[in-house]
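Take a look at the structure set out below.
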Amino acid sequence: MLSLTACAAAAALSLSVAASPALADSGDGSASPRPPARSSATGGARLALPGTQVAPGAGAPKLPKKLTARSWVVADAESGEILAARNPHWKLAPASTLKMLFADTLLPKFSKDKVHQVTLKDLDGIGEGSSLVGIKEDLPYSVHDLWLGVFLRSGNDAVHVLSSMNNGVAQTVRDMQARAHELQANDTHVVTPDGYDAKGQVSSAYDLTLFARDGLKNPDFREYCSTAEAQFPGEFAKKKKDKDKKKATDGQAGPEQRPREHFGIQNTNRLLTGTYDLKPYQGIAGVKNGNTTNAGATYTAYAQRGDRKLLVTVMHPDYDESQAVYREAARLLDWGFAADGKVTPVGELVPPRSVVAERAKASKEAAAPEHAAGGRGSGGAASAAGADSGSGGLGTALAVTGGVLVVLAGVVFVVRRRRPLPATPGPSGGIGTGEASGTGAGGTAGTGEAAGAGTATDVTGPDATGTGRDATRPGPDATGPGPDAAHRD
């Protein structure tokens, strides 16, 4: 929690940071690229200020020099402390990182073994140029298959099928908005379940970090977002002579029990899988990337080194280098690991509203005996109720593994995954402690130089980002089947 002194300092700092008023990005590409002069104070007073917020202590590393993103957040995934941020509540188009909220909302609703026969109506309304996993009508898919399509290929077709199973897109959007409200993600307005560009659809680096942290409490979410490669069901084999007929091997029988073909899919998260000019990040374990014409590139990453677990969200960097959103996220992760214990938090990731209500109730109940006994002794249950900080307590410790064998609907496939170790329930409702195995290539450069001892709190004002990037410029990589400039993930 932020101290009164820190809050007072933030109030004083707000007088010294000047910025021209500007509208938030409304999702239609027409707003000013400058952040608003003041935004939401959810998570702390300093988070409402424009520009970079960081409070370095003795020996703290300097922030990386090459950071062009309009908005970013570096947070401790367990405590919820925000170590540094830039315009964290700036409302911007989220692209497919909004699928984290989609997963937070729908993952608990369907058993992964449930099989759904896809209809043409299920695929209605998919935006032109959407990233797709390759779902076909009149074929059955398990819920497990569909979530692989959402997380690995950012498939809007998979999102629409799951939405159809949830009584349609409109209902799913309402459910997602309700979940955002519960998580205190007050910057988020949902219009499409897949993050496809739509007027008025916005989120923020702060809210996307909340979505990732909430999702990581779910073991299925952790499994899917950390899976690097998998096999996805395709067409059933063409009919052959009777003597050549085979029994279906994946539990999804086709006509006359013909076997089903599968094809390989790879996660589009380039810090997880790497690409020709970018190595996988050491300790990475998810979470989600996105890219559209309006949003530019967006990305939330989760990584662990030793006992340190970090969440980083980056929104809309300039395209002055290849894979910019991943490189800037990697620099911020490097900085966050190097800054361990050397910076004062500038804010926090708030807990869900239900957790706040439960703590308030526990505090009230603990106070009742005190009044009845003439005011004897405070603390006790009340202190225990508030001991889990204001963060909601992820309590996770992820490990990075590769070469995991999993069973997909009855057929054994080799799936390469960087994922958490099995864990026991933690004391605060999160996931128990595991130990990182630290696979993947070495971390990227850009940790910065050490600041001098006792460096004063650094608050930089916003810088003009110009009129925005050319909407037709290609994104980091076109990995989805058939994408165009309208939507790439």
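The CG atom of Asn267 sits 4.5 Å away from atom CG of Leu152, with the distance rounded to the nearest 0.5 Å. Distance check, rounded to the nearest 0.5 Å: CE of Met176 to CG of Asn166 gives 10.5 Å. Atom CG of Asn269 is separated from atom OG1 of Thr227 by 11.5 Å, given to the nearest 0.5 angstrom. Thr97 OG1 to Phe102 CZ: the interatomic distance, rounded to the nearest 0.5 Å, is 14.5 Å. Rounded to the nearest 0.5 angstrom, Phe211 CZ and Thr209 OG1 are separated by 9.5 Å. Taking CG from Leu349 and OG1 from Thr42, the interatomic distance works out to 11.5 Å, rounded to the nearest 0.5 Å.
The cationic group of Arg260 lies under 6.0 Å from the six-membered ring centre of Phe236 and within 45° of the ring axis, placing it in a cation-pi geometry.
The main-chain N or O of Leu278 is never found under 3.5 Å from a side-chain atom of Thr275 such that the two would form a donor-acceptor pair. No side-chain donor-acceptor contact under 3.5 Å links Arg353 to the backbone of Leu183. Side chain of Ser363 to backbone of Arg359: no donor-acceptor contact under 3.5 angstrom is found. At least one donor-acceptor pair under 3.5 Å links the side chain of Ser226 to the backbone N or O of Arg222. Here the side chain of Arg327 pairs a donor or acceptor atom with the backbone of Ser322 at under 3.5 angstrom. Judged purely by atom type and a 3.5 angstrom limit, Lys136 has no side-chain atom pairing as donor or acceptor with the backbone of Gly134. Side-chain atoms of Gln177 come within 3.5 Å of backbone N or O of Val190 as a donor-acceptor pair.
Residues Cys225 and Val287 come closest through the heavy atom pair CB-O, 3.7 Å. Nearest heavy atoms, Ala198 versus Val191: CB-CG1, 3.6 Å. Summarising the geometry of Tyr302 relative to Leu310, their closest heavy-atom pair is CD1-O, 3.1 Å, with the distance given to 0.1 Å. Nearest heavy-atom pair across Glu229 and Gln266 is OE2-NE2, 3.5 Å. For the pair Arg70 and Asn87, the tightest heavy-atom approach, listed with the atom from each and the gap, is O-ND2, 2.9 Å. Annotation for Pro36 and Trp90: closest pair CD-CD1, 3.7 Å, computed over non-hydrogen atoms.
Using a 3.5 Å distance cut-off with no hydrogens or angles, the side chains of Ser203 and Asp187 do not pair a donor with an acceptor. Residues Gln171 and Arg174 have side chains that bring a donor and an acceptor to within less than 3.5 angstrom of each other. Residues Thr292 and Asp197 bring a donor and an acceptor atom of their side chains to less than 3.5 Å of each other. A side-chain donor-acceptor contact under 3.5 Å links Glu182 and Ser354. Side-chain contact of Ser154 with Thr268: a donor-acceptor pair under 3.5 Å is absent, judged by distance alone. Side chain to side chain, Gln323 and Arg270 fail the donor-acceptor criterion of an N or O pair below 3.5 Å. Side-chain contact annotation: Lys288 with Thr298, donor-acceptor N/O pair under 3.5 Å absent. Under 3.5 Å, the side chains of Ser96 and Lys99 contain a donor-acceptor pair of N or O atoms.
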**Request:** Would you check, one step at a time, whether the test side chain to side chain contact (heavy atoms under 4.5 Å, CB included) holds for Leu162 with His160?
**Result:** CA-CA 5 Å; Leu162 286 164; His160 276 254; over 6 Å; no
**Message:** With side chain to side chain contact (heavy atoms under 4.5 Å, CB included) as the criterion, how do Val202 and Thr188 come out once you've worked through the C-alpha distance, each side chain's angles and the decisive distance to 0.1 Å?
**Reply:** CA-CA 5 Å; Val202 291; Thr188 297; over 6 Å; no
**Message:** Between Asp138 and Thr119, is the side chain to side chain contact (heavy atoms under 4.5 Å, CB included) condition met? List the steps.
**Reply:** CA-CA 6 Å; Asp138 300 324; Thr119 68; 5.7 Å; no
**Request:** Show your reasoning for whether side chain to side chain donor-acceptor pair (under 3.5 Å) applies to Asp145 and Ser142.
**Result:** CA-CA 5 Å; Asp145 295 329; Ser142 70; 3.0 Å; yes
**Item:** side chain to side chain contact (heavy atoms under 4.5 Å, CB included) between Arg38 and Leu49, intermediate numbers included
**Value:** CA-CA 5 Å; Arg38 195 167 185 88; Leu49 304 177; 3.0 Å; yes
**Message:** The test is ring-ring contact (aromatic ring centres under 6.0 Å, His included); show your working for Phe151 and Phe221 and say whether it passes.
**Reply:** CA-CA 9 Å; Phe151 278 91; Phe221 186 105; 5.2 Å; yes
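Residues Tyr326 and Arg331 form no side-chain contact, since every pair of their non-hydrogen atoms from C-beta on lies 4.5 Å or further apart. Using a 4.5 Å heavy-atom cutoff, the side chains of Asn156 and Ser131 are in contact. Side-chain atoms of Arg86 and Ser71, non-hydrogen and from C-beta on, never get closer than 4.5 Å to each other. With a 4.5 Å cut-off on side-chain heavy atoms, Phe232 and Ile135 count as touching.
Taking the six-membered ring for Trp and thresholds of 30 and 60 degrees, Tyr206 and His89 have ring planes inclined between 30 and 60 degrees apart. Using bins of under 30°, 30° to 60° and over 60° for the plane-to-plane angle, the ring pair His144/Tyr224 lands in the tilted bin.
Between Trp147 and Tyr141, the gap from one ring centroid to the other reaches at least 6.0 Å.
Residue Lys364 places its NZ atom among 12 or fewer non-hydrogen atoms of other residues, nucleotides or ligands, all under 6.0 Å distant.
Using a 4.0 Å cut-off between charged side-chain N and carboxylate O, Arg308 and Asp76 make a salt bridge. Between Lys112 and Asp220, at least one side-chain N (NZ, or NE/NH1/NH2) sits under 4.0 Å from a carboxylate O, which counts as a salt bridge. Under the 4.0 Å criterion applied to side-chain N and carboxylate O atoms, Arg179 and Asp214 are assigned as salt-bridge partners.
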